[in-house]
Novice: 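Would you mind keeping the following structure in view while I ask a few things?
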Amino acid sequence: MWWSRLKALIIKELLAVLRDPKSRLILIGPPIVQLLVFSYAATLEVRNVDIALLNRDSGHWGQELVQRIEGAPTFRSISPVQNLTEMRDAVDRQRVTAAVVVGPDFSRNIEAGRPANLQIILDGRRSNASQIVAGYLNQIVASLAAETPAGTRAAAKSVVVVARNWFNPNLIFQWFMVPNLIASIALLIGLIVTALSIARERELGTFDQLMVSPLRTHEILIGKFIPPMMIGLFHMTIYILAAIFIFGVPLRGSLLLLYGSSLFYLAAVAGLGLFISALSATQQQAILGAFLFLVPAMLLSGFATPIENMPSWLQPLTVVDPLRYFLVIVKGVFLKDVPPAEVLNQTWPLLVIAAVTLGTASWLFRRRLE
């Protein structure tokens, strides 16, 4: 009897989500938008950079430097300027991210074995892009310096450093971003769908009917969080297939570990959604509450910036963020073939979060019945 009651509630929840046009829009719209925006547009790579160039040197090495900058794929356009006033105006108006000034004695000093000065001016308003562009320009200058007479003489004495990028040899940004999207889209969909479930019942006036039905409190909770978990697993599967067959992200680990840990992750997300829904009286409050948690959860999860770079007083707040733990799992399974022990180490906090949030939501339900 309990299974038939629970089955009826699960079917009812799925129909309530799939029949509502707004709910269908939430299920279809955000996943597609996130996949397109984050996979292609929201990249931490710096490309298509515009540079202003003031070349006062007519010698061989000055021309060689200009040609190497023009041939770099990172730079979209090189705008020659005639004087410092034009260069300053280009930077002030943000037409360029950086400006390069080659002095009149650049080639002469190189041939004479003397230090040759090169000035690089960066737009500090674009701090992240400026740092990356400075790194690109420094690499070009370093490669040029190695071919100068002084650099050739010092080559025998120098130490050559060869960089190898583990797990992502070519630094393909999609290999980092798409696995992150698998975890973040499950959080977004699972949290919103679960948060709307009970708030929708109250708004439609069917919550009291649900409370007086033969269903017990724990059965209502189970029936409320299983459908969002099913929807979350469906979206995760779509993103996993897209990661493998569209973006070419290698799957080096076990899908069994990934799906097994995802059940605990989705349970934690559903528990948070039920907790928000139990506190909300309307669907609008539920949506606002979900986004109130969602934005800090994304920022504190290590999605864009490492947790280790955050202030020491802020890092303890990340322990209650389920996205933090599942990001480690999904990237580890895809790129590292992470061992089961590490997956377990990241899974048990999800179990704790699920137990606490579901227990609190259950207590709030019982309190409303009193």
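Everything numeric in this text was worked out from a predicted model, so none of it was measured. The chain is numbered in sequence order, starting from 1. Note that these values count all heavy atoms, side chains included, but never hydrogens, waters or copies made by symmetry.
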Novice: Who pairs with R76 by salt bridge (charged side-chain N to carboxylate O under 4.0 Å, His left out), at least two apart in sequence or on another chain?
Specialist: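 Scan of R76 (salt bridge (charged side-chain N to carboxylate O under 4.0 Å, His left out), adjacent residues dropped) gives D50.
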Novice: Taking all non-hydrogen atoms of both residues into account, name the closest pair between M310 and L300 and its distance.
Specialist: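 Closest approach of M310 to L300, heavy atoms only: CE-CA, 3.7 Å.
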Novice: Examine distances only and state if a side-chain atom of S362 and a backbone atom of L358 form a donor-acceptor pair shorter than 3.5 Å.
Specialist: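 Here the side-chain-to-backbone pair does not exist.
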Novice: Quick check against the 3.5 Å criterion: does N165 have a side-chain atom that pairs as donor or acceptor with the backbone of N168?
Specialist: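 Not a single qualifying donor-acceptor pair exists.
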Novice: Partners of N55 by side-chain hydrogen bond (donor to acceptor under 3.5 Å, both in side chains), sequence neighbours excluded?
Specialist: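 Result, side-chain hydrogen bond (donor to acceptor under 3.5 Å, both in side chains) vs N55: none returned.
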Novice: Would you kindly confirm whether L344 and L350 end up in one hydrophobic cluster when ILVMFWY residues are joined by side chain heavy atoms under 4.5 Å apart?
Specialist: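 Shared cluster, no.
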Novice: Which residues pass the ring pair (Phe, Tyr, Trp, His ring centres under 6.0 Å) test with F106, sequence neighbours left out?
Specialist: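 So F106 forms no ring pair (Phe, Tyr, Trp, His ring centres under 6.0 Å) with any residue.
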Novice: Would you please test Q63 and Q67 for side-chain hydrogen bond (donor to acceptor under 3.5 Å, both in side chains) and show each step?
Specialist: CA-CA 6 Å; Q63 296 299 323; Q67 291 177 7; 5.2 Å; no
Novice: Determine, using the 4.5 Å side-chain heavy-atom cutoff (strictly less than), whether M229 and I192 are members of one ILVMFWY cluster.
Specialist: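 The answer is yes; both residues are in one hydrophobic cluster.
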Novice: S130 side chain to D123 main-chain N or O, any donor-acceptor pair under 3.5 Å?
Specialist: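 Yes; judged by distance alone, with no hydrogens or angles, the pair exists.
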Novice: Would a hydrophobic clustering, with Ile, Leu, Val, Met, Phe, Trp and Tyr connected at side-chain separations under 4.5 Å, put L364 with L288?
Specialist: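 Different hydrophobic clusters.
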Novice: Could you give all pairs that pass the salt bridge (charged side-chain N to carboxylate O under 4.0 Å, His left out) test and reach residues 58-71, with sequence neighbours left out?
Specialist: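 Checked against salt bridge (charged side-chain N to carboxylate O under 4.0 Å, His left out) - neighbours excluded - the pairs reaching residues 58-71 are E64-R68, R68-E147.
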Novice: What pairs of residues pass the side chain to side chain donor-acceptor pair (under 3.5 Å) test when at least one of them lies in residues 305-318, not counting sequence neighbours?
Specialist: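 For residues 305-318: T318-R324.
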Novice: Quick one: CG on L181 to CD1 on I240, what's the gap to the nearest 0.5 Å?
Specialist: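 The CD1 atom of I240 is 12.0 Å from CG of L181, to the nearest 0.5 Å.
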Novice: State whether the number of non-hydrogen atoms from other residues, nucleotides or ligands found under 6.0 Å of R93 atom CZ is greater than 12.
Specialist: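 Open.
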Novice: First locate atom CG of L251, then atom CG of L258, and finally report the distance between them rounded to the nearest 0.5 Å.
Specialist: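 Between atom CG of L251 and atom CG of L258 there are 7.5 Å.
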Novice: Considering only distance and modelled atom types, tabulate donor-acceptor pairs under 3.5 Å from the side chains of residues 263-275, sequence neighbours left out.
Specialist:
unit_1: Y265; atom_1: OH; unit_2: A183; atom_2: O; d: 2.7

Novice: Can you check whether A354's main-chain N or O pairs, donor with acceptor, with T357's side chain at less than 3.5 Å?
Specialist: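 The answer is yes, because a donor-acceptor pair under 3.5 Å joins these two groups.
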Novice: Checking N170 side chain against I172 main chain: does a donor-acceptor pair fall under 3.5 Å?
Specialist: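 No, N170 side chain to I172 backbone: no donor-acceptor pair under 3.5 Å.
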Novice: Quick one: salt bridge (charged side-chain N to carboxylate O under 4.0 Å, His left out) partners of R88, sequence neighbours excluded?
Specialist: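 R88 satisfies salt bridge (charged side-chain N to carboxylate O under 4.0 Å, His left out) with D92 only.
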Novice: Is there a path from L256 to V328 through hydrophobic residues (I, L, V, M, F, W, Y) whose side chains come within less than 4.5 Å of each other?
Specialist: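 In one cluster: no.
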Novice: Kindly state each residue pair satisfying side chain to side chain donor-acceptor pair (under 3.5 Å) with at least one member in residues 103-118, sequence neighbours excluded.
Specialist: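 Listed by first then second residue: D57-S107, W61-E111, D105-R108, N109-R114.
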Novice: Taking Y136 for its side chain and I69 for its backbone only, find out whether a donor-acceptor pair lies under 3.5 Å.
Specialist: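 Side chain of Y136 to backbone of I69: no pair is present.
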Novice: For S301, check side-chain hydrogen bond (donor to acceptor under 3.5 Å, both in side chains) against everything at least two apart and list the hits.
Specialist: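 Not a single residue meets the side-chain hydrogen bond (donor to acceptor under 3.5 Å, both in side chains) criterion with S301.
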Novice: Could you report the tightest heavy-atom contact between D89 and R95, atom names first, then the distance?
Specialist: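 Scanning both residues completely, I find the closest heavy atoms to be OD2-NH2, 2.9 Å.
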Novice: Does atom CZ of F234 have more than 12 heavy-atom neighbours, drawn from other residues, nucleotides or ligands, at distances under 6.0 Å?
Specialist: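 Counting neighbours around CZ of F234, 12 or fewer heavy atoms of other residues, nucleotides or ligands fall under 6.0 Å, so no.
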Novice: With rounding to the nearest 0.5 angstrom, report the CG to CD1 distance, L118 to I140.
Specialist: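 Taking CG in L118 and CD1 in I140, the distance rounds to 10.5 Å.
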Novice: Could you pull out the closest heavy-atom pair between L317 and V320, with the gap in Å?
Specialist: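 Minimum heavy-atom separation between L317 and V320: O-CG2, 3.2 Å.
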Novice: Taking A134's backbone N and O only, do any of them form a donor-acceptor pair with N138's side chain (distance below 3.5 Å, no angle check)?
Specialist: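 Yes.
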Novice: Which pairs, with at least one residue in residues 236-252 and sequence neighbours excluded, count as a side chain to side chain donor-acceptor pair (under 3.5 Å)?
Specialist: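 Counting only pairs at least two positions apart or across chains, the side chain to side chain donor-acceptor pair (under 3.5 Å) contacts touching residues 236-252 are T237-Y259.
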Novice: Going from CD on Q82 to CG on L54, what distance comes out if it is rounded to the nearest 0.5 angstrom?
Specialist: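 CG of L54 is found 8.0 Å from CD of Q82.
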Novice: So which atom in M177 and which in F303 form the shortest heavy-atom distance, rounded to 0.1 Å?
Specialist: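 In terms of heavy atoms, the two residues are closest at SD-CZ, 3.5 Å.
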Novice: When you measure from the side chain of W348 to the backbone of N345, do you find a donor-acceptor pair of N or O atoms at a distance under 3.5 Å?
Specialist: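 Yes, the answer is positive, given that a donor and an acceptor are paired below the 3.5 Å cut-off.
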Novice: How close do S261 and I329 get, heavy atom to heavy atom, and via which atoms?
Specialist: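 Closest pair (atom of S261, atom of I329, distance): OG-CG2, 3.3 Å.
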Novice: Under 4.5 Å between side-chain heavy atoms, hopping through other hydrophobics if needed: is there a path connecting V333 to I238?
Specialist: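 No, V333 and I238 fall in different hydrophobic clusters.
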Novice: Once ring pair (Phe, Tyr, Trp, His ring centres under 6.0 Å) is applied, do any residues pair with F247, and if so which ones, sequence neighbours excluded?
Specialist: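 In terms of ring pair (Phe, Tyr, Trp, His ring centres under 6.0 Å), with neighbours along the sequence ignored, F247 is linked to Y40.
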Novice: Sequence neighbours excluded, which residues qualify as side-chain hydrogen bond (donor to acceptor under 3.5 Å, both in side chains) partners of R56?
Specialist: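 Listed in chain order: nothing, the list is empty.
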Novice: Give, for atom CG of L84 and atom CD1 of I121, the distance between the pair rounded to the nearest 0.5 Å.
Specialist: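 Those atoms lie 7.0 Å apart.
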